[in-house]
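These notes are about the structure you will find just below.
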Number of protein chains: 2
Amino acid sequence: MTRHDLGVTATQAKRPSVEAQERLTQVGLRPTRQRIALIGILFAKGDRHVTAEMLYEEATSAQIRVSLATVYNTLHQFTNAGLLRQIAVDSSKTYFDTNPSFHNHFFIEDKNELIDIPPTNALVGAVPIPPEGYEIDRIDIIVRLRKKRR
Amino acid sequence: MTRHDLGVTATQAKRPSVEAQERLTQVGLRPTRQRIALIGILFAKGDRHVTAEMLYEEATSAQIRVSLATVYNTLHQFTNAGLLRQIAVDSSKTYFDTNPSFHNHFFIEDKNELIDIPPTNALVGAVPIPPEGYEIDRIDIIVRLRKKRR
DNA sequence: ATTTGTGCAAATCGTTTGCATCTGA
DNA sequence: TCAGATGCAAACGATTTGCACAAAT
């Protein structure tokens, strides 16, 4: 079980999960009803790439009462806590990745979909040396894909 | 002289440039007053990373009458024509790079500044294989920098 | 003369904020 | 009890759009 996999199934998402509660407490966030529910949805099924709107829709249709503003707050709190990673694909929507460890992404332009690049297929290289006084915060690599024209 | 360097100096930017006109015609855009002026500003001094707002300010203070909407239009037209490259650093502002050829960027987080990674310092590696039916449009690599803490 | 571009203001859209109310420790 | 969290609606900021007018071919 990886660090970001809480082992919560989709059906469990609605019920308070002990694991989710512990996880929240660990990172210094109060285990509220909304946060427990959201953490449940986010980590229920493997790695995901969600927008605030997507998560909000999903929570709402799962009978979880939560406001969009709280979804935004929660996503940022989880990101600061290291549970999520933020990804900038374009200047409109912001995506959040449930796998915070370093890896790269394919972005399928005609579907606005973000998928992990399998590690066996990864783009790796020398890490550049930052200018004096700065250090690397993180490296974002996005490989943009378009439909192959034949 | 590189392909994207028109050799136009800052002082020439205000006067219609034959080179700018030719360049526009080449890519199928009518050489209008605004487009000639903007192309002049953009390529006057080496590689740059501008936002629509930045370019608009610069044009305005150089006595060039142009609307912000036209700046947006023009930036997109130039991008489609291959004169510029669009860079997504975060989900607020959109940056345009006057060097459309492949290279990577440092993003200085505390200054919201984008700079080229010198080629000698570049991050290169194996190019990942896209999923079936897709091909690589482009690869965006952004190395985010924060002030070194001592 | 016809097509294309421009400017303005209003509209859009994702995201943030202010503030009253609620909740968890 | 009471700091911290939530919900709502209003505010925001970057970008886009509709449309009348202007400029280029």
Side-chain angles (χ1 to χ4, degrees), chain A residues 16-18 20-39 41 49-60 63-81 83-84 86-96 112 114, chain B residues 16-18 20-39 41 49-60 63-81 83-84 86-96 112 114:
Chain A
S17 146
V18 176
Q21 291 196 34
E22 285 172 353
R23 196 94 171 84
L24 287 167
T25 311
Q26 272 173 35
V27 299
L29 293 172
R30 276 197 195 172
T32 65
R33 182 174 52 75
Q34 290 84 339
R35 296 210 268 235
I36 291 167
L38 293 178
I39 213 172
I41 294 177
H49 306 91
V50 303
T51 62
E53 198 68 40
M54 285 165 60
L55 183 55
Y56 175 69
E57 295 294 349
E58 203 168 335
T60 300
Q63 315 295 332
I64 294 163
R65 286 184 21 266
V66 64
S67 71
L68 183 55
T70 295
V71 171
Y72 274 103
N73 286 338
T74 304
L75 284 171
H76 288 136
Q77 290 153 355
F78 286 5
T79 300
N80 291 335
L83 302 180
L84 299 175
Q86 206 170 336
I87 305 174
V89 279
D90 61 38
S91 52
S92 49
K93 288 172 158 61
T94 298
Y95 285 78
F96 294 85
N112 261 50
L114 207 50
Chain B
S17 146
V18 175
Q21 291 196 34
E22 285 172 353
R23 195 93 171 87
L24 287 167
T25 310
Q26 272 172 36
V27 299
L29 292 172
R30 280 193 189 173
T32 65
R33 182 172 52 75
Q34 291 82 341
R35 296 210 269 233
I36 293 167
L38 293 178
I39 214 173
I41 294 178
H49 306 90
V50 303
T51 63
E53 197 68 41
M54 284 166 60
L55 183 55
Y56 174 70
E57 296 293 350
E58 204 169 333
T60 299
Q63 316 295 330
I64 294 163
R65 285 181 25 265
V66 64
S67 72
L68 182 55
T70 294
V71 171
Y72 274 104
N73 286 337
T74 303
L75 285 171
H76 287 135
Q77 290 153 355
F78 286 5
T79 301
N80 291 335
L83 302 181
L84 299 176
Q86 204 169 339
I87 306 173
V89 281
D90 62 38
S91 52
S92 50
K93 287 171 159 63
T94 298
Y95 285 79
F96 293 86
N112 260 50
L114 206 50

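What's counted below: heavy atoms across the whole structure, side chains too, no hydrogens, waters or symmetry copies. The chains referred to below are lettered A, B, ... by the order of the sequence lines, with proteins before strands, and numbering in each begins at 1.
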Calculate the interatomic distance between [X] atom [atom1] and [N] atom [atom2]; express it in whole Å.
X: B/Ile64; N: C/dG5; atom1: CD1; atom2: P; answer: 19 Å
X: B/Leu29; N: D/dA23; atom1: CG; atom2: C1'; answer: 15 Å
X: B/Tyr95; N: D/dA14; atom1: OH; atom2: P; answer: 11 Å
X: A/Gln86; N: C/dT15; atom1: CD; atom2: C1'; answer: 11 Å
X: A/Tyr72; N: D/dG7; atom1: OH; atom2: C1'; answer: 15 Å
X: A/Glu53; N: C/dT16; atom1: CD; atom2: C1'; answer: 14 Å
X: B/Leu68; N: D/dG13; atom1: CG; atom2: C1'; answer: 11 Å
X: A/His76; N: C/dG14; atom1: NE2; atom2: P; answer: 15 Å

Quick check: closest heavy atoms across B/Pro31 and B/Leu24, and the distance to 0.1 Å?
CA-CD1, 3.7 Å
Looking at every heavy atom in both A/Val50 and A/Met54, which two are closest together, and how far apart are they?
CA-CE, 3.8 Å
Nucleotide nearest [X] when distance is taken to its side chain, options [options]:
X: A/Ala69; options: D/dA9, C/dT6, C/dT15; answer: D/dA9
X: A/Lys93; options: C/dG5, C/dG14, D/dT6; answer: C/dG14
X: A/Asn73; options: D/dA5, C/dT17, D/dT15; answer: C/dT17
X: A/Arg35; options: D/dT6, C/dT16, D/dG7; answer: D/dT6
X: B/Arg33; options: C/dG7, D/dT15, D/dG7; answer: C/dG7

A/Arg65 vs A/Thr51, nearer the 5' end of DNA chain C by closest nucleotide:
A/Thr51
For A/Gln34, report the nucleic acid contact type (base, sugar-phosphate, nothing); a contact means any heavy atom under 4.0 Å.
sugar-phosphate
Side chains of B/Tyr56 and B/Leu75 in contact at under 4.5 Å (non-hydrogen atoms):
no
Is the phosphate of [N] approached by [X] (side-chain N or O, under 4.0 Å from OP1 or OP2)?
X: A/Thr32; N: C/dT23; result: no
X: B/Ser67; N: C/dC8; result: no
X: A/Thr94; N: C/dT15; result: yes

Between the CD1 atom in B/Ile39 and the CG atom in B/Leu84, the distance rounded to the nearest 0.5 Å is 8.5 Å
A/Arg33 CZ: over 12 foreign heavy atoms closer than 6.0 Å:
yes
Residue pair B/Arg30/B/Ala52 against DNA chain D: nearer the 5' end by closest nucleotide is B/Ala52
